[in-house]
Every structure is written in structure tokens, then in C-alpha cells.
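These notes concern the structure reproduced below.
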Number of protein chains: 2
Amino acid sequence: MFFLNFAGLFLDLYELTMAQVYYERELLGKAVFSLFIRNRPRRRPFFLFAGLESFLTLLKRFKFEDSDLEYLESLKLFKKEFLDYLKGFSFKGTIRSIPEGTIFFEGEPICEVEGELISAQLIETLILNTLHIETLIATKALLCVIEAKDKPLFDFSARRTHGISSSLHVARASYLAGFSGTSNVLAGKIWGIPVVGTMAHSFVEIFPTEEEAFKVFAKTYPERTILLIDTYDTLKAAQKVVGLKKFLEEEKIKLKGVRIDSGDLAQLAKKVRKILDEGSLKETQIFLSGSLDEVEIRKLLKKKTPVDGFGVGTRMGVSADSPYFEMGYKLVEYEGKPCFKLSPKKELLPGAKNLYRVWNEENRFLFDLITLREESIDLSSYPKSENLLKSVYQDGKLLYLETLETIRARVKEELKRGYKKRVKISKGINRLFKQLKSKV
Amino acid sequence: MFFLNFAGLFLDLYELTMAQVYYERELLGKAVFSLFIRNRPRRRPFFLFAGLESFLTLLKRFKFEDSDLEYLESLKLFKKEFLDYLKGFSFKGTIRSIPEGTIFFEGEPICEVEGELISAQLIETLILNTLHIETLIATKALLCVIEAKDKPLFDFSARRTHGISSSLHVARASYLAGFSGTSNVLAGKIWGIPVVGTMAHSFVEIFPTEEEAFKVFAKTYPERTILLIDTYDTLKAAQKVVGLKKFLEEEKIKLKGVRIDSGDLAQLAKKVRKILDEGSLKETQIFLSGSLDEVEIRKLLKKKTPVDGFGVGTRMGVSADSPYFEMGYKLVEYEGKPCFKLSPKKELLPGAKNLYRVWNEENRFLFDLITLREESIDLSSYPKSENLLKSVYQDGKLLYLETLETIRARVKEELKRGYKKRVKISKGINRLFKQLKSKV
């Protein structure tokens, strides 16, 4: 079902050079790595977790094929014994993760990988890359969903996402966050996401007149005609649409809507609405697109722009105002002993962890509590609490994958809970951190 | 050799809905589409063209398989005849492009696609996506190369690029722009780009002491040891490195360098350089990484930071300060007649075009001239001029692909030519535009 025919070579070289040392020195103990986002950028009140399915699907295919091993041999860095070891490699560890579609905050452990040191180290690039892109986009898309209120949003970003696999991650992550569909046909095939789309400016230009283009298109798609009206002059085109009324009736075509893709969208939409209403096309909807994101959507709605749906492209698809998160994947425990580092601004909480979420009686968010995994915690005085980190992969076996619809439903619930950052760190962690720091 | 096992479904749905109309109405005439970047963002003095090989490689695989057609049928939008047509589809047109590694400016036609209307329309998303990501990254990477002067740069971005295919585009585009290598092993395998990498902080944490970690690593890689020294305390670690001197001599290990990944890099590098020099490790190099881009590199060198190479990650890999370009792919001619549109801020120059570049006697850039393809132009009064748009794909056949080394060499030459935007538009185009505009 997936889209990349790569095997085990998607990694940073240092994972292999380190792994060879571990292999030779028989450093094969159990390690725990923790995945988290270090800082929260401006204009991101929280993060929305996504990418787990994509990651776990690729993880099952993370193997070294003969041609991979030949390539590695050619680097003259690796010994035969180690390459033989890689030949039989597959990830056999355990992964605990918060569910996709969960809101979270900076510094929280959102995924913990436990396994033989080499195993857990070799998947570093894969897990970071996959969870990063979808979490990045799901978070941005959710902001658009919040601002659009109940109006539908559509992912139009395929042409300017960073590569094809990115376009697929974007279509999935935005749908999961609450978008209603995508223009990306490949994503539609892979995940069953509803696909949308009608015509480009080039279509209008092909025909001798705009009316002719509109008529021909409407006849071909009588049940879902949306006409693009900004190729030459938006208002004149809206009048031409009204002029088609008789034709549409005769042909029994229901004109679903018009799309405006440029210009002052708020002003144009108001004028177009008026033209359509006066032309007895009250049910014809107006769709807007062109450089939209949550900020533009908010402005449009604040101006009471008459709009029935948004096509959201590049700015969402590359998370333009914050095109990356400081996501890290760090060793926190080896052979039962907590690990940490003190690199400036990159300090790390030691130890394998749990992440408890606490709600009040009305299911509204109270706070999160990060604890050591072994720490016993009493949250019984709160109406509802839960450890968000759940096993999704155990001893090399996939436990389950949720459907996109399940995840979408979770996101809807999340939005009712009033998230605002309130994260506590347990006494156990604080004590351990001080202890370790004093020893350096 | 490539990395995606997709067929023809990477497209926006509207390309298919339009194509079905063209098919049914027998609108099968010759169309010309032109690819260009609309505006130039701040801090981009020019663009560097890249992505042609990736695009042309994918183009050859752009076909509709049975499962694709079944999926399209399930949408209940397309008639059997059209799906049968898609079954046999492959791109049979002609593509003219400026060479990869060429500097260009906004508004210039950098690629023109000529073919049956349906053919040229269906590849819109593919051509935009592929040329966009590599041009975006090559441009950013070139700025890093310029600022780094002759110091080597390495792509460390794989973990935070937008998806796996993006990481590959980034490795290729940055190498093409003048980077010396990448940490991305898959990119190394695909294109033979030199791969680099040593150790992560987790490696240091595994061992009881930093010294022990350094020793074990050096013994395993005696010829290319680079030690990461910022896990706990950078200056103390540098002193520990000096303390290893006797061990290194006994083991005949040449310590290539140390890497600092956090903190005030300028200040730390100066202090570390002093420690190493005083410890008779004058030949041990210093590599810097951590949130670098062309701006940070310039600052570091301005402060006379002692540095021998840079690891450049996320900020280059997502072109963080400008994560997209306004790249468009627009119909400019159909059946020999020029097309255009007037959408506000998205006006388009009509007609199939040539792009002439003019140099002076010293091979320095004078100006570019955009002309109609049919327009005869006299540039004989200039010492050197050339039409940059050359056929790379003709009637469905790939004419040639350049090696990465050829492209790298071109970029080096480009940097000597003093590019600053000077673009002229021919009289023929201006006349045509006025003519068409007056008719709307």
C-alpha cells in the first residue's frame, strides 16, 4: 500500500558507523530512545501528533538488500561480519507511542523506542523524518480547521510540497486534522481520502470564450460543476455564469459553485455573491483558494466573506511560517541505566518515561505529567487520567493501526477539551536529573 | 535507480477532469506550457535551476497501471473510453529546458513543454513538484556555498526534510550546488554522492566515560576519526581529546577532527582550537554543526572562527527562511495561438518562448532576453550569447542526462559570472501582450 521501494538505507551514515562499533564490542544491551519536540514555534499553541502509520509501515520494510550491502561494502568502512549482521537485520524492538490525532506539547515524550541498542539506533532517521513531517503538517492543518469553523477545507498543495512522498504525508496529515479532501489523486488511492478538483485557468484559455469553456465543463460534469472564474475578469465571469442559467436548466445541470483563485478574495466574493444571488443562483457556492492559511482564513471570515469552502495549498503543505520543528530522538536509558546530555539548549530529561494526561469531570484538559516509567504515581484524586504512551509495536510485531477515520474522530474530540500548555515533571525525574548532573 | 514505485497517479484531480473533456471533445491540438517562478523572495539574489534529472526519470515512469485505473473508475467521474485512453498513456511530447546548475531569475521561462494538450496537462503536478523542490534547495545551498568560501559543507538534513523523497532531492540539490557530501546513505547509493558521518551524542552516553567512547571510536575508524565533543562540556572534552595524544600515537591513529554541535559555536571553536594547538594537535580539524545556514556561516567567518567544515541541516534542507517558491506551469500556446491570463498579480506573458543569455568578453553576465520562440533576434553586436532553452526530451524520448559532476562544474563557472538581475522582454512579446489584452 505504500509508495517507496527503499529498503534499509534511509539513514544517516553515523548510525551505521556507531552500529558497527556496538556490534564489534558486543554492546547489545537494551536501549530506550525518546522522541520529543524541543521548542514550540510562534503561532503554534500546541502540536498534533501524526505519522505513526506511515512510520510503522516503512519500519516493516526497513531491511538491507543485497545491492544495499554491496554499496556499503564499496565505502570501505565496514567489515564483512557487520555487513553479514545487517543482511539479517529487521527491527525487533518495542514502540510505545501516543495515539495519532493527540494534542501534545514541547518536551513531552511522544514516542519511546525500546530494543537492542543497534536496532533502536538504526531507525533514528526514519522515525524522525516520518513523524516530523506529518506532525508538522497536521499541526498547521488543525489551525486552519479551527479558523475555518465548519466550512470545508481541501488540500491543494501537491505541486509545491517538498517531493512526492511529502505530498502524500501532507494529504494524509491534513485529512486527519479535519480537512475534507485533497486534490492529490495518489493519496486518494492509497488512503481513500476524498479527492476533489475541477479546472485550471488553462482550461478556460483553450476555448474561444469563457462561456464556451463553462458550458462544455458543465455538460461533462453535470453533478459537480465548479467553475473557475478569475482567468480574465472575475466579476464579468460571474455575470457570464448567471447568463448560463437557461442553458443549465435546459441541460438539468446543478451548478455546484464557482472558485476564485486570485485578487482581493473578500471583496470579490462579496460582489460575486451579489451577482449570483441577483441572478437567482443562490445555491451556487463560492470556493476560495490562493495563498490561504489559518491567518488568511481568519481575516476572510472576520470580514464576513461569503464563502462555502477553502482550497488550501502551499502555505499549509510546507507549513510555511514554521517549516520544521525541533524534533529529537535521544537515548534516555541503556541497560537499565538512565542517560542524558547537557549540550547547551539541548538538555535532556533522563530515563524511560510515561506521559499521563489528566482531565476534569467535563472531559476538559487539566494537565500533563511526565514521569519515570518505573515511578509510581497517584492520580486517583483526579476524575480521569491516562498514560498516553501505549504499545503499538512489540518485539518486532505490529500490534495495531488505527483507521484514518478513527484518528479524525479523535481530533474532533480533542478540540473540545481546551488545550493550553500545562505540563508537570515528576519528582522522580527532577531528582534523577540533579543526581546525574552532579556526577559529570 | 530511483526511489518511488508510483505510476501515473501523482497528479491533481483537475488534470484528469480537464483531460476527459479534451478527450471527449477531441481537443487534441499541440499545446505549449511554460514553467517559471513568479516572484523572488527576500534573501534570494537569484535562483539555481535543479531537478531536471529527477523529473525526467519519473516522467518515463508516468503511466497508469491497472490498479490506478480501477481506482479512477471507482470515483464514478470517468467514462470507460477515457480510462482506456489512459491505459495506453505515456508522455510523448518535447521538453526544452535550461540546463541544471544554471542561474536564473523570476519571470524567465526555464522549461517549456510541448505536446498534445492532454499529455502536457497531465504532467503539471509532477513537473512542478520535482523542479520546485530541487531548485528551492539548490538555491539555498548555493548561498551557503558562497558564504562558506572554500570550506567544505555537508548535508545533515535527512531527519527533518519533508519526507524521504525530499531528503533525496535535498542531498542531490545541495551536492550539485557545491556541497561536498551528505550524511544520507540512500542518496549516496543512488547518485554516488560522498557520504559522511561519525557519531551521535548517544554514542558518547553509552560508555562509562567520554574518553572511553573516543578511544573505542578512534580504534574502529583510525583513518577518519571525528569526535563529537559537546555531549557534556565542550572545553573539558577538548582537553580529554588532547589527553588521548599518547594513545593515538601508539595506535597510529590520525585524529581527523572534532565536531561541535551546540552552544556559542564561534567562541567554543576559538577555545577548542587553542586547546588543540597547545596540545600539539594542530592538524586536528574543527567541524561545526547545529542550526547553520548561510547567515550563520557568514557570522561565524566574520568572527574569524577557526573552522574546517560545516554540517548544514534543517535550515538548508527545508529552505527554512523561504520554504517555497511561487513556481507556475502555465499554458502559453494552443494550436499555434498564444494564450495568456490576467488574474491579478498572476499575469502571464503569452506565447512559446526563447531565453537568450548574453555575456561580455570576459564571460561575465550582461543580461537575459526573453523573446517569442518565432521572433528573430539580432544579438550579433554582443561578444557571446546563447538560447538557454535546449531540447532534453523529444517526441517522448529522453535526449540526454548530464552527470552530477558536469552540473557541479557548471555551478562553479556560474559563480564567476557576476549575476545580478537584468532581464529584458522582447518587443515581440510586449506587442503580443498588448494586442491580446485589448481583445478581452
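The chains referred to below are lettered A, B, ... by the order of the sequence lines, with proteins before strands, and numbering in each begins at 1.
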Counting only non-hydrogen atoms closer than 4.5 Å, does [X] touch chain B with its backbone (N, CA, C, O), its side chain (CB onward), both, or neither?
X	value
A/V332	neither
A/Y334	side chain
A/F207	side chain
A/Y71	side chain
A/I137	neither
A/E223	neither
A/S322	neither
A/I127	neither
A/I206	both
A/E24	side chain
A/E15	side chain

Does any part of the side chain of [Y], heavy atoms only, come nearer than 4.5 Å to the side chain of [X], both counted from C-beta?
X	Y	answer
B/V318	A/V318	no
B/T125	A/N184	no
B/T17	A/M199	no

B/S167 side chain to A/N129 side chain, donor-acceptor N/O pair below 3.5 angstrom | no
State, without any angle test, whether B/S202 and A/Q121 hold a side-chain donor-acceptor pair at a distance under 3.5 Å.
->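 B/S202 vs A/Q121: donor-acceptor pair found between side chains.
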So which heavy atom on B/F10 is nearest to which on A/A158, and how close?
->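 Scanning both residues, the minimum pair turns out to be CZ-O, 3.8 Å.
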Heavy-atom donor-acceptor pair, [X] side chain to [Y] backbone, under 3.5 Å:
X	Y	result
A/R160	B/Y324	no
B/T220	A/V21	no
A/H162	B/P323	yes
A/S166	B/G163	no

Segment of [X] engaging chain A (4.5 angstrom heavy-atom cut-off):
X	result
B/L75	side chain
B/T198	backbone
B/V204	neither
B/F78	side chain
B/E124	side chain
B/Y329	neither
B/L13	both
B/L72	side chain

If you count heavy-atom pairs under 4.5 Å with chain A, which of [options] comes out on top?
options	answer
B/E210, B/E335, B/R315, B/H132	B/H132
B/S67, B/A187, B/A200	B/A200
B/L77, B/T130, B/L27	B/L77

Rounded at 0.5 Å granularity, tell me how far [atom1] in [X] sits from [atom2] in [Y].
X	Y	atom1	atom2	answer
A/F217	B/R25	CZ	CZ	11.5 Å
A/L186	B/L11	CG	CG	8.5 Å
B/I164	A/L126	CD1	CG	5.5 Å
B/L331	A/T231	CG	OG1	11.0 Å
A/H201	B/C339	NE2	SG	13.5 Å
A/D12	B/D155	CG	CG	8.5 Å

Decide if the gap between the ring center of A/F203 and the ring center of B/Y22 is smaller than 6.0 angstrom.
-> yes
Count the heavy-atom pairs under 4.5 Å between each of A/L128, A/T182, A/V185 and chain B, then report the option with the highest count.
-> A/V185
Between chain B and each of A/I133, A/L117, A/T314, count heavy-atom pairs under 4.5 Å; write down the option with the most.
-> A/I133
Taking 4.0 angstrom as the limit, do A/K337 and B/E205 come out as a salt bridge?
->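 Salt bridge absent between A/K337 and B/E205.
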